[in-house]
Amino acid sequence: MSTSERTLGIAPAHVPPGNALGKENYLNHDRGLLSWLFTLDHKRIGVLYLVSILTAFLLGGIFALLIRTELLYPGKQLMDADTYNEMFTLHGAIMIFLFIIPGIPAALGNFVLPLMLGAKDVAFPKLNLLSWWLWMTGAFMAVTAILTGGVDTGWTFYTPYSTTTGTNVVMMVAGVFVLGFSSIFTGLNFIVTIHKLRPRGMGWFNMPLMLWGLYATAIIQVLATPVLGITLLLLIMERVMGIGIFDSRLGGDPVLFQHFFWFYSHPAVYIMILPAMGVISELISTFSRKHIFGYKFIAWSSIAIAAFSFLVWGHHMFTSGQSELVTMVFSALTFSVSIPSAVKVFNWLATMYRGRIQLETPMLYALSFLFLFSIGGLTGLFLGALATDIHLHDTYFVVAHFHYVMFGGTVIAFLGALHYWWPKITGRMYAENPGRVACALIFVGFNLTFFTQFIMGAKGMPRRYFDYLPEYHPYHMASSIGSYIMAVGFFLIAGYLAHSLFRGRPAPANPWGSNSLEWRTPSPPPHDNFKETPEAGDPYDYTDLVWDDAIGGYVRRAGAPATP
Amino acid sequence: MTNLLAALAGLSRLAGLQDAVKGPTVWMPPESSTIAAKVDSVWDLVLWISVFFFVLVTALMVVFVVRYHGHRGTGSKPTRDHNTALEITWTVIPTLIVVVIFWVGFETYLDMATPPANAYQVSVTGQKWKWLFTYPNGYVDENLHVPVNTDISLLMTSEDVIHSFYVPAFRTKKDVVPGRYTRLWFNAKAPGEYQVFCAEYCGTNHSHMLAKVVVHEPGGFEKWLAEASNLHGRFPPAKVGEIFYNRFGCKQCHSLDGTTGIGPSFKGIYGHEQKLQDGSSVLVDENYIRESIMEPQAKVVAGFQPVMPTFKGRLKDQDITSIVEFIKSQK
Amino acid sequence: MTEAVSTGHGERAHPDFLQHHFDTPEQQFTSGKLGMWLFLATEVLLFAGLFCAYAVYRGIHPEIFEYAHRFLDKSLGATNTVILLCSSFTMAWAVRSSQLGKRGLTAALLALTILGGIGFMSIKYVEYHHKWKVGLLWGTHYHPSAEAMEGHGAPEDTAAGVAHQDETDAAESAAAAEPPAAGPQLPDLSGLPAGVEPTNVPHGAVGPEGTIAERPAEVLPVGEEEVKNVHIFFGIYFLMTGLHGIHVLVGMGLIGWVLRRTLRGDFGPEYYTPVDLVGLYWHLVDLIWIFLFPLLYLIH
């Protein structure tokens, strides 16, 4: 970040009005590493998070590639079974706890949430900084666990395996415990900020839908994560002190751990997907140049998903031997989550209807999201239905399903959001054509990697297998090749984004023509966000924004009132 | 409901997709149990509903992108931003559809979950990393042999961590949990061999925790069981001892290559003096081995914990003789 | 660091205590309040996990709780309840007097509250120390001594199952700590999977037609399972009271912090938010104890 800081300070040749690269902005407001590490500015904390989680993503991605390479052929390729088991554990734990959960909310959310509210900062800036430091501490502990013997329990830490294995489970679990508090504090901060710092003119139903997504996410973070905390604490106690609560030999119940764990971890998948849905609402409306369709349905569906998410955890245990009644209730409740998700998809499609769709890179990601999330969501029906879930549970079908939702959904939306807000964050435009190519590579590679996993899962290939029967080989082979294609896409993104930091065209204040408040301040924004607090209007009313070729962005139509 | 299922299944057959792929329905393994066809009809129902909605969403998306394509910089015109009737419609229709899916899934699940009365019972023990199947006569095998067209009920538990018993061709799966019993049943439709997987991650050799379900022709199973149970008739004593050594968990603690485990290694132990915890020593002969199996705490070799369980009442005289022969053969 | 910006953008006068991103003291106060309530919600949920564990095991093994709670000293527990209630009262009074600007009174009341905390922790120490001495501990560490058993009419096999286990090495005990009564972990030649102690199968864990009823009668020794696994109670007892104790300590630290700020004169009628928030926290800690006391000490 110090390099970008240096170069961003230089005024480029053609600086459009609304670009603050040469002027005071949050990047050059203070200098030096310490001014970053102890900043209370939500934008800088967002950038710190962005750098941190992308590092975690790189690490998790390397583990993923190693896993896929090992699975190219049956039998041992690169590593032995124990190493493989550590690889998939670390891939899962890093991607989930270090990347996806903080991904959109803590990194991008931190940056845009106060800006979208026209506020100067989140409600508790010090707590916000503490969240990031807790994240760093948790990440450090996770890395320590990796370096001191690894962890081989799977990211789910199921007892009694996790209480009996010889690997460094305590360190990893303690790290995740700390990460949990990072997540709780971010959620708490966002809830209070949205409640208390909305500007004049912005009622609950004038908020951009991104904020509804973040709000629903924050509720889950605050209400579900403490349960994970106590669960992990119990697991640590079990290992360190031999409490016996999850140990059948001491009269405990190992399946109780699963209930505790999924009570958090199922809502947690909505922590991952809800902000992504918020992003998609922004992208589809902006790039269709059309008011979002069915605002209230989308907003309420976010809240509905958050509420239902607490009632469905038992669907991870359909084969665990819980009673038929419990199983039935959880199956029924599970389907309830699919409805608000379906409502969102239809509303997004309706938003595109008769719009003026512009295929910029963020929109390409939004369209990819619609395609992939539909597959991810629909394959959830197979897993919610009891009869088919018994067959599919713990097979590659499940692996494919959650990658379609978590990767095809959240990561794709994250990439869309990253491109969308990149000009605001850095003050530079990235190169559009490589952006489109990378998006296509990831789309193709992703489908090749994971669609094949649906097929082999249906054919019975269990997950977390180091070795497999020859009949599954073609699918594994295709899947691995797909993962390499994706990797190329990601390196391309890293390349042109890094390039744009130095050579990118200076970005105007509003390159995409969105009407939410973060686009009313220069790119990158000044330290205090806004020179004067903007009046909020309808964030999806684009009629007063017109394209100005000279500055390569949108400007407010001359004579248009500040608020419609 | 069943009519609807049949109609949809028929529809999918009409679509010709089933013949285009091998197997009974898209992607699924062969239907080899009575329940498999029912599960597959649920699968078909969900599959075609999913395909319909996926095609709908993708087609609309593509059509809109092509039809309403705009260029960078185009402005916006005011349009309708909601239509309550339409939105309620696309809330209610998915709701009705998922209610149907839930119900057919649940109905079939009830059939899968309730073992029929008078099923033939086999006990299953999962342990790192193999399956042990105990038949009513006490015989233990590492593969599951069953008669065809018979209701089989498995009473399962685990020795160590959670495992999961999974037979894709039977569409059945159940976790095998330490400290509790779980139950699973099936009725195999055709003789043959079917793959058993462990579906719950259980450590190093999780992916090698495999077994076969061997489905016998009518009459074949009884013959097989009688033959297989007669270990002493089938093998020389040392070989039977080796089978017991593997099956009864001796090998978890007693190595054959001289490495010290939780208990002393069997390599070259026979005929040698061993120092005991109380300072005395004992000659390892038939009597000492027999005593160690029946009353393990009586004379514990120095340097080891008294943790070996007793096998009294589990092994017959002939079995112990075989184990002694096996230990003798470890020179 | 980057916070020193009370100039720059102030249309209104910005009092010192008002952070730059808030417009009014009222907005800052209600934000703090809402944040604190949310934090208390997470605390409640943290404890809720333990209350769930309590409920699950009490549901499965009511006899353990019925039997083991007698080892807890009701009078000490009751004394602690009274102490905490009093300290909650002094805390509430301190918030009020801080709001009224009575600095001396506030400081005295806060000091009294801390004293209450010290009293509570001291009694807790006495209780813990006694249990440690007589071996009424969790899991594999449960070795009640004769002294502990005195007057409790404990059947001889109370400690059976776990008392003989090797407690030194938890990892090794995974392989070796099978209770002698459970027999070898091997398939039983009688056709019944062995290695499973009957009482280890949680009753609630199986379906209505679960396997319990179907097990052959000879492996279910009637009446003997009543007081096995008593250590579960002590595990839960130490977890709940231990976590609560940590919260008491944190609360005392926080009260110490606002006491220092009170003495420094930071608070007055227009700004007393930290006192108010710490007060809320202390009431929560008190409230949790109000639930813990009857659930652990007063079981019928």
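Note on naming: letters A, B, ... go to the chains in the order of the sequence lines (proteins, then strands), and numbering restarts at 1 for each one.
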Peer 1: Examine whether an atom of T327(A) lies under 4.5 Å from a heavy atom of chain B, and if so say whether it belongs to the side chain, the backbone or both; otherwise answer neither.
Peer 2: side chain

Peer 1: Among W155(A), F157(A), Y161(A), which residue meets the ring-ring contact (aromatic ring centres under 6.0 Å, His included) test with Y201(B)?
Peer 2: Y161(A)

Peer 1: Tell me, side chain or backbone of I97(B) under 4.5 Å from chain A's heavy atoms, or both, or neither?
Peer 2: neither

Peer 1: Please check if atom CZ in F54(B) has more than 12 non-hydrogen atoms from other residues, nucleotides or ligands closer than 6.0 Å.
Peer 2: yes

Peer 1: Ring centres under 6.0 Å, that's the criterion: do Y472(A) and Y468(A) meet it?
Peer 2: no

Peer 1: Is D111(B) in contact with chain A via its backbone, its side chain, both, or neither, using a 4.5 Å heavy-atom distance?
Peer 2: neither

Peer 1: Taking T388(A) for its side chain and A385(A) for its backbone only, find out whether a donor-acceptor pair lies under 3.5 Å.
Peer 2: yes

Peer 1: Which one wins on heavy-atom pair count under 4.5 Å against chain A: D81(B), L184(B), V46(B)?
Peer 2: D81(B)

Peer 1: Are L71(A) and Y465(A) side-chain neighbours, meaning at least one heavy-atom pair lies under 4.5 Å?
Peer 2: no

Peer 1: Does the distance from a Lys or Arg side-chain N to an Asp or Glu carboxylate O, for D394(A) and R464(A), drop under 4.0 Å?
Peer 2: no

Peer 1: Between I152(B) and V213(B), is there a side-chain heavy-atom distance shorter than 4.5 Å?
Peer 2: no

Peer 1: Answer yes or no: is there an ion pair linking D40(B) with R171(B), defined by an N-O contact shorter than 4.0 Å?
Peer 2: yes

Peer 1: Contact part of L86(B) toward chain A, heavy-atom cut-off under 4.5 Å: side chain, backbone, both or neither?
Peer 2: side chain

Peer 1: For F335(A), which atoms come within 4.5 Å of any heavy atom of chain B: side chain, backbone, both, or neither?
Peer 2: both

Peer 1: Tell me, side chain or backbone of Y84(A) under 4.5 Å from chain B's heavy atoms, or both, or neither?
Peer 2: neither

Peer 1: Measure from the side-chain N and O atoms of H401(A) to the backbone N and O of G376(A), and report whether any donor-acceptor pair falls under 3.5 Å.
Peer 2: yes

Peer 1: Where on L210(B) is there a heavy atom nearer than 4.5 Å to chain A: the side chain, the backbone, both, or neither?
Peer 2: side chain

Peer 1: Any luck finding a side-chain donor-acceptor pair between D175(B) and S320(A) under 3.5 Å?
Peer 2: no

Peer 1: Check whether any side-chain heavy atom of K128(B) sits under 4.5 Å from a side-chain heavy atom of N205(B), and report yes or no.
Peer 2: no

Peer 1: With chain A as the partner, which of V177(B), V51(B), I101(B) has the greatest number of non-hydrogen pairs under 4.5 Å?
Peer 2: I101(B)

Peer 1: Side chain from CB out, backbone as N, CA, C, O: work out which of these in F88(A) comes under 4.5 Å of a heavy atom of chain B, or both, or neither.
Peer 2: side chain

Peer 1: Which answer fits E86(A), side chain, backbone, both or neither, if we ask what part of it has an atom under 4.5 Å from a heavy atom of chain B?
Peer 2: neither

Peer 1: Chain A heavy atoms under 4.5 Å from T58(B): which part of the residue, side chain, backbone, both or neither?
Peer 2: side chain

Peer 1: Compute whether any side-chain donor of one residue and acceptor of the other, for S153(B) and R183(B), lie under 3.5 angstrom apart.
Peer 2: yes

Peer 1: Where does I339(A) contact chain B at under 4.5 Å (heavy atoms): side chain, backbone, both or neither?
Peer 2: side chain

Peer 1: Does the side chain of Y166(B) pick up a donor-acceptor pair with the side chain of H391(A) at under 3.5 Å?
Peer 2: yes

Peer 1: Side chain, backbone, both or neither: which part of T379(A) has an atom under 4.5 Å from a heavy atom of chain B?
Peer 2: neither

Peer 1: Taking every heavy-atom pair that is under 4.5 Å apart, which of V99(B), L60(B), I162(B) has the most such pairs with chain A?
Peer 2: I162(B)

Peer 1: Measure distances from T543(A) to the heavy atoms of chain B and classify the residue's part below 4.5 Å as side chain, backbone, both or neither.
Peer 2: both

Peer 1: So for H71(B), is it side chain, backbone, both, or neither that comes closer than 4.5 Å to the heavy atoms of chain A?
Peer 2: backbone

Peer 1: Can you tell which part of L469(A) gets under 4.5 Å to a heavy atom of chain B, answering side chain, backbone, both or neither?
Peer 2: side chain

Peer 1: Any idea which of L359(A), T156(A), D549(A), T165(A) has the most non-hydrogen atom pairs under 4.5 angstrom with chain B?
Peer 2: L359(A)

Peer 1: V343(A) versus chain B, heavy atoms under 4.5 Å apart: side chain, backbone, both or neither?
Peer 2: both

Peer 1: Looking at P94(B), S164(B), A36(B), A199(B), which has the largest count of heavy-atom pairs under 4.5 Å with chain A?
Peer 2: A199(B)

Peer 1: Identify which part of E360(A) has an atom lying under 4.5 Å from any heavy atom of chain B, answering side chain, backbone, both or neither.
Peer 2: side chain

Peer 1: Could you verify whether a donor N or O on one side chain and an acceptor N or O on the other, from D541(A) and N515(A), lie under 3.5 Å apart?
Peer 2: no

Peer 1: I'd like to verify something: which residue of S301(A), P254(A), A332(A), A81(A) has the highest number of heavy-atom pairs under 4.5 Å with chain B?
Peer 2: A332(A)

Peer 1: Which atoms of F397(A) are under 4.5 Å from chain B, going by heavy atoms: the side chain, the backbone, both sets, or neither?
Peer 2: side chain

Peer 1: Is W129(B) atom CH2 crowded by more than 12 heavy atoms from other residues, nucleotides or ligands, each under 6.0 Å away?
Peer 2: yes

Peer 1: Where the side chain of S341(A) meets the backbone of V337(A), is there a donor-acceptor pair that is under 3.5 Å apart?
Peer 2: yes

Peer 1: With only heavy atoms counted, which part of M61(B) is less than 4.5 Å from chain A, the side chain, the backbone, both or neither?
Peer 2: both

Peer 1: What part of Q195(B) is in contact with chain A, defined as an atom under 4.5 angstrom from a non-hydrogen atom: side chain, backbone, both or neither?
Peer 2: side chain

Peer 1: Let me know if V39(B) has heavy atoms under 4.5 Å from chain A in its side chain, its backbone, both or neither.
Peer 2: both

Peer 1: Would you tell me whether S285(A) and Y542(A) have side-chain atoms, one donor and one acceptor, within less than 3.5 Å of each other?
Peer 2: yes

Peer 1: Tell me, side chain or backbone of Y554(A) under 4.5 Å from chain B's heavy atoms, or both, or neither?
Peer 2: side chain

Peer 1: For the residue pair S32(B) and K189(B), confirm or rule out a side-chain donor-acceptor distance under 3.5 Å.
Peer 2: no

Peer 1: Which atoms of F53(B) are under 4.5 Å from chain A, going by heavy atoms: the side chain, the backbone, both sets, or neither?
Peer 2: both

Peer 1: Which residue out of V167(B), L47(B), T172(B), V176(B) racks up the most heavy-atom pairs below 4.5 Å with chain A?
Peer 2: L47(B)

Peer 1: Would you mind telling me which of M209(B), H206(B), R67(B), H69(B) has the largest number of heavy-atom pairs within less than 4.5 Å of chain A?
Peer 2: H206(B)

Peer 1: Please classify the contact between T79(B) and chain A as side chain, backbone, both or neither, with a heavy-atom cut-off of under 4.5 Å.
Peer 2: side chain

Peer 1: So which part of N347(A) gets closer than 4.5 Å to some heavy atom of chain B, the side chain, the backbone, both or neither?
Peer 2: both

Peer 1: Do the side chain of T125(B) and the main chain of S158(B) share a donor and acceptor less than 3.5 angstrom apart?
Peer 2: no

